[in-house]
Novice: 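Below: one structure in structure tokens.
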Amino acid sequence: MKYAAVAAAIFAGDFFLKECIEKQEEEKQETEICRGRVILKRYHNKGAALNFMEKQPGVVRAVSGAIVLFVGIFWYLLLQKKENPMVLLGLSLLLGGGAGNFYDRTARGYVVDYFSFCTPWKKLNQVVFNLSDLCIFLGSLLVVLFGRKIESF
């Protein structure tokens, strides 16, 4: 059950970080870390990625829940076959990250994002992430790169 531990650790780690940020950081306050390469700042995202559909949080929550459910079922079915460890890792990352953001949408009404990067690209600097977002991205990448090896159920 090492894959379940990965998903649970991502959920728990992101939950802990979000709780700390909610208690300590003022919204819009910025704190530089890692020699200014990472900026801590609390941001409440009421929509999906990049505030997409922020005026329809109920739809975003429902779609998010359906995706987490689908990924969870697919993860469970693939776990039974004990094949393709990279896809299982990717799905574990997706499941942990997706569950973390879904929990926020359900419990808080918004997702707590808390860091951005300082890069030469101004558009990227404006995007605020959380650990779940990074895990969703990395998990998706692993599933795409190694998913061709999934055999039929």
Novice: Taking NZ, NE, NH1 and NH2 as the nitrogens, is one of them in R42 or E19 under 4.0 Å from a carboxylate oxygen of the other?
Specialist: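 E19 and R42: not salt-bridged.
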Novice: Any chance the rings of F15 and Y103 have centres within less than 6.0 Å?
Specialist: yes
Novice: Can you see which heavy atom on G65 is nearest to which on F102, and at what distance?
Specialist: CA-CE1, 3.4 Å
Novice: With clusters defined by side-chain heavy atoms of hydrophobic residues (ILVMFWY) lying less than 4.5 Å apart, directly or transitively, does L78 cluster with V144?
Specialist: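 In one cluster with V144: L78, no.
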Novice: Look up atom CH2 in W75 and atom CG in L89, then write down how far apart they are to the nearest 0.5 Å.
Specialist: 11.5 Å
Novice: Check K46 against G109 and note the closest heavy-atom contact, atom names and distance.
Specialist: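 Heavy-atom minimum between the residues: CG-O, 4.2 Å.
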Novice: Is there a path of hydrophobic side-chain contacts, each under 4.5 Å between heavy atoms, that joins I39 and L17?
Specialist: no
Novice: Just how far is it from atom SG of C118 to atom CZ of R35, taken to the nearest 0.5 Å?
Specialist: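 Atom-to-atom, C118:SG and R35:CZ are 14.5 Å apart.
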Novice: How close do G100 and S132 get, counting heavy atoms only, and between which atoms?
Specialist: CA-OG, 3.9 Å
Novice: Check the hydrophobic clustering (I, L, V, M, F, W, Y; side-chain heavy atoms under 4.5 Å; chains of links allowed) and say if V111 and F11 are grouped together.
Specialist: no
Novice: Taking 4.0 angstrom as the limit, do R37 and E32 come out as a salt bridge?
Specialist: no
Novice: Membership question, hydrophobic clusters at under 4.5 Å side-chain separation (ILVMFWY): are L93 and I67 in the same one?
Specialist: yes
Novice: What is the distance from atom CZ of R105 to atom CZ of R61, rounded to the nearest 0.5 Å?
Specialist: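 If we round to the nearest 0.5 Å, R105:CZ and R61:CZ are 9.5 Å apart.
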Novice: So, do S116 and K41 sit near enough that their side-chain heavy atoms are less than 4.5 Å apart?
Specialist: yes
Novice: Any donor-acceptor pair under 3.5 Å linking the side chain of Y43 with the backbone of V127?
Specialist: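 Absent.
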Novice: Within the side chain of N125, is there an N or O that forms a donor-acceptor pair under 3.5 Å with the backbone of T119?
Specialist: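 Answer holds: yes.
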Novice: Sort out for me which residue in L134, N101, D104 forms a side chain to side chain contact (heavy atoms under 4.5 Å, CB included) with D14.
Specialist: N101
Novice: Does the side chain of Y3 come within less than 4.5 Å of L88's, by heavy atoms?
Specialist: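 L88 vs Y3: side chains touch.
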Novice: Starting at OG1 of T31, measure out to CD of Q29 and round the result to the nearest 0.5 Å.
Specialist: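 Taking OG1 in T31 and CD in Q29, the distance rounds to 4.5 Å.
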Novice: Might you point out which heavy atoms bring I10 and L131 nearest each other, and give the distance in Å?
Specialist: O-CD2, 4.3 Å
Novice: Is the distance between the ring centroids of F129 and F117 under 6.0 Å?
Specialist: yes
Novice: So how far is it from L40 CG to F115 CZ, rounded to the nearest 0.5 Å?
Specialist: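 These two atoms lie 9.0 Å from each other.
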Novice: In Å, rounded to the nearest 0.5 Å, how long is the span from CG of L94 to CZ of F70?
Specialist: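 If I round to the nearest 0.5 Å, the distance is 10.5 Å.
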Novice: Does any part of the side chain of R108, heavy atoms only, come nearer than 4.5 Å to the side chain of K18, both counted from C-beta?
Specialist: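 Side chain of K18 against side chain of R108, heavy atoms only: contact under 4.5 Å found.
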